[in-house]
Participant: 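The following block contains the structure, expressed as structure tokens.
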Amino acid sequence: MIDIAQLRQEPDFVKAQLARRGVSASTMDEIITLDGEHRQRLQEAEALRAQVKEISRQVGEANKAGKKDEAEQLRLRSRELGEQESAASEVAAQVNESLRSKLLMVPNLPDPRVPEGKDETENVEISQWWVGQDSGAPFPTFAEHQKKPHWEVGQELGILDLEAGAKLAGSMFALYRGAGARLIRSLGFYALNAHLDAYEEIRPPHFALTETMMSTGHLPKSEDDMYAMERDGLWAIPTAEVPLTSMHRGEILPRENFPIRMTAQTSCFRRESGSAGRDTRGVLRLHEFDKVELFAYCLPEQAEESHADILHRAESLLQGLGLTYRLLELCTGDLGSASARTVDLEVFSPGVDRWLEVSSVSWFRDYQARRANVRYRTEDGSTAFVHTVNGSALAWARIWAALVETYRQADGSVQLPEVLAPFMGNQLTIRS
RNA sequence: GGAGGGGUGACAGAGCGGCCGAAUGUACCGGUCUUGAAAACCGGCGUGGGCUUGCCCACCGUGGGUUCAAAUCCCACCCCCUCCGCCA
């Protein structure tokens, strides 16, 4: 949530920043008007309530002094005011409700570094990496045998059974088997191990309360993309970001605790309602996939470093796997609504001949912390909202696809990179 | 799922219709004392909101209700503990 106090103090600045991401000035004006009305109504209601309280106190005193008549008279007066008060409160609550629902839909202010752009086609490439790049090797060329899409490689080798996935749960659900299943398990193990020097491993619930989903900004805005279990009032998490961001919801944490860094691998559930028909083959877009997430609560002055650390770790994993990738600075049109700045990592996968998004490393400033009410104690003893940063490291289904495509050999087998040897039981060759 | 007990400030723990936003203790911060520290003593010490910055309002698990007045009474729900049942 944006800071309403900032909106009051510098409405033009806030409007200008939000205009960059397509929020109209009139939307913000509506909010400003509602805020003014809310405060006015609140004052009216509170003034009445103060009177009720004062008279009630006098009723008590009169009763104590045995002044029955006076007490009775005051009682009636207070009752009357009380009725006015509840009417006024009702109005204030209604105004507050519409203010709040509008405010929850307002996206975060983009960082100045975020480039202008209408959609993902206007993201700005920051860098590329490939094996041998630092010793002058050119961008890799891929052989014919690497140009088979992973769903074909997977079927050939018997390590991916999409028909079985569809049979069990419908389209866009994958079933990995044999070495394919072991591979995806190994990837999670590989990543979690790599982060344990600085990140506490968490195994959170995969379901979350509505309140939890609100904190990250997934609700109410993206409701259609979430799986709901209405009967129990629960939502399936679309990313570990959701539970991790709410771990300390409503708490005030001591300054010296920061940064608080956590990592978790979870299944991620997404309805993909807006992308029906896209990427229907293979494992590039699934309703359920595994992902390791890196997350930090930090002080504002630590945010830059925390963001860089997550980015660096995601890159290290990709370099360890020997995959070709690039970094993109997301433009205003592609930035997630809660984010102030996001850098995406995309892996090049030769079989599908595409760059695949495998991580988004985002800095939310205090937008999520304000929703989740996570604060720290400042040096002068007051409180302030923390910053949150997070990023995937990494999304395994797409990595799985990139690996089997990139490392497919001329004889049709797949030769996995060395770093996975400890997790694959030294079985780095997958053949049918 | 059944029976019983309980959710109050950082923590422990009183209060069970009327100066209670809340006793007391611990912790914490400041001061006195001390060569220094400890102890002792004195003072301070929740969060959020509104505006006429001094005041007002809200918050005692959550949401309703009763009342002139609710932390306190009533109802529903949630969570925790103990026992029983069931289960991986």
Side-chain angles (χ1 to χ4, degrees), chain A residues 1-9 31-104 203-215 229-235 243 246-258 260 297 366-386:
Chain A
M1 197 145 62
I2 62 159
D3 181 4
I4 186 105
Q6 187 188 14
L7 178 62
R8 277 178 213 144
Q9 282 156 20
I31 288 174
I32 291 168
T33 306
L34 276 173
D35 175 51
E37 190 183 345
H38 172 240
R39 285 186 293 164
Q40 193 193 327
R41 299 292 189 177
L42 198 61
Q43 277 179 60
E44 289 167 15
E46 286 185 354
L48 283 165
R49 198 170 312 141
Q51 285 187 60
V52 170
K53 285 180 71 166
E54 172 57 23
I55 296 173
S56 292
R57 200 185 54 78
Q58 290 171 13
V59 172
E61 273 176 9
N63 275 330
K64 216 183 249 174
K67 298 178 186 165
K68 283 277 182 225
D69 290 353
E70 195 183 328
E72 180 58 15
Q73 214 168 5
L74 287 165
R75 196 180 67 79
L76 291 173
R77 173 71 183 139
S78 179
R79 186 188 189 114
E80 198 178 304
L81 285 167
E83 276 161 19
Q84 288 177 39
E85 185 274 331
S86 50
S89 289
E90 179 67 23
V91 173
Q94 275 171 17
V95 176
N96 191 31
E97 181 72 22
S98 50
L99 170 64
R100 199 180 144 71
S101 65
K102 282 207 163 55
L103 208 50
L104 280 172
R203 182 79 192 183
H206 286 53
F207 295 166
L209 299 168
T210 299
E211 213 180 334
T212 308
M213 299 285 286
M214 287 275 189
S215 298
M229 276 136 294
E230 284 183 47
R231 184 169 157 162
D232 300 291
L234 290 167
W235 303 80
S246 278
M247 274 258 309
H248 292 291
R249 187 170 64 223
E251 296 178 23
I252 300 171
L253 301 154
R255 219 183 134 74
E256 56 272 20
N257 287 20
F258 295 93
I260 299 173
Y297 290 109
D366 61 4
Y367 185 92
Q368 293 181 326
R370 181 171 286 107
R371 284 172 169 244
N373 197 23
V374 182
R375 290 169 291 171
Y376 66 96
R377 188 69 65 183
T378 61
E379 270 158 339
D380 66 12
S382 63
T383 61
F385 292 108
V386 305

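In the text below, chain A, chain B and the rest are named by the order of the sequence lines, each starting its count at 1. This one's a predicted model, so the numbers in the text were calculated from it and none came from an experiment.
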Participant: Not counting sequence neighbours, which residues clear side chain to side chain contact (heavy atoms under 4.5 Å, CB included) with A/T212? List them please.
Facilitator: A/A208, A/L209, A/V242, A/S246, A/R249
Participant: Does A/E80 come within less than 4.0 Å of A/R77, counting only side-chain N to carboxylate O?
Facilitator: yes
Participant: Could you tell me which residues satisfy side chain to side chain contact (heavy atoms under 4.5 Å, CB included) with A/E72, sequence neighbours excluded, listed by chain and number?
Facilitator: A/R75, A/L76
Participant: In chain order, what residues pass the side chain to side chain contact (heavy atoms under 4.5 Å, CB included) check against A/S86, with sequence neighbours excluded?
Facilitator: none
Participant: What stems involve RNA chain B, if each pair must be Watson-Crick or G-U and both of its distances must be under 3.5 Å, with 3 or more such pairs in a row?
Facilitator: B:1-7 with B:78-84, B:10-12 with B:24-26, B:28-32 with B:40-44, B:46-51 with B:54-59, B:61-65 with B:73-77
Participant: Please enumerate all residues that pass ring pair (Phe, Tyr, Trp, His ring centres under 6.0 Å) together with A/H248, with sequence neighbours excluded.
Facilitator: A/Y297
Participant: Partners of A/E54 by salt bridge (Lys or Arg N to Asp or Glu O under 4.0 Å), sequence neighbours excluded?
Facilitator: A/R57
Participant: How many whole angstroms separate atom CD of A/E211 from atom P of B/C78?
Facilitator: 15 Å
Participant: In residues 77-97 of chain A, what residues come within less than 4.0 Å of RNA chain B, judged by heavy atoms?
Facilitator: A/S78, A/R79
Participant: In whole Å, what separates the P atom of B/G6 from that of B/G15?
Facilitator: 12 Å
Participant: Which whole number of Å gives the distance between the C1' atom of B/A88 and that of B/G7?
Facilitator: 30 Å
Participant: Starting at CG of A/L74 and ending at P of B/U67, how long is that distance when rounded to a whole Å?
Facilitator: 18 Å
Participant: What string of B, S and - do you get for nucleotides 44-60 of chain B, 5' to 3', if B is base contact, S is sugar-phosphate-only contact and - is no contact with any protein heavy atom under 4.0 Å?
Facilitator: ---SSBSS----SBS--
Participant: Pick the P atom in B/G17 and in B/A70, then give their distance to the nearest Å.
Facilitator: 14 Å
Participant: For A/D69, look at atom CG and say whether over 12 heavy atoms of other residues, nucleotides or ligands are found less than 6.0 Å away.
Facilitator: no
Participant: Can you name the residues that form a salt bridge (Lys or Arg N to Asp or Glu O under 4.0 Å) with A/R41, not counting sequence neighbours?
Facilitator: A/E37, A/E44
Participant: Looking only at side-chain N and O atoms, does A/S89 offer a donor or acceptor that is under 3.5 Å from a partner on A/E85?
Facilitator: yes
Participant: Whole-Å distance between B/A10 P and A/E256 CD?
Facilitator: 16 Å
Participant: Could you tell me which residues satisfy salt bridge (Lys or Arg N to Asp or Glu O under 4.0 Å) with A/E46, sequence neighbours excluded, listed by chain and number?
Facilitator: none
Participant: Anything under 3.5 Å between a protein N or O and an N or O of nucleotides 16-18 of chain B, put it in a table, one pair a line.
Facilitator:
| from | atom 1 | to | atom 2 | distance (Å) |
| --- | --- | --- | --- | --- |
| B/G18 | O6 | A/N63 | ND2 | 3.3 |
| B/G18 | N2 | A/S56 | O | 2.6 |

Participant: If we take the C1' atom in both B/U35 and B/A12, what is their distance in whole Å?
Facilitator: 37 Å
Participant: Rounding to an integer number of angstrom, what distance separates B/A39 and B/A14 when you compare their C1' atoms?
Facilitator: 28 Å
Participant: Among all residues two or more places apart in sequence or in another chain, which pass the salt bridge (Lys or Arg N to Asp or Glu O under 4.0 Å) test with A/R370?
Facilitator: A/D3, A/D366
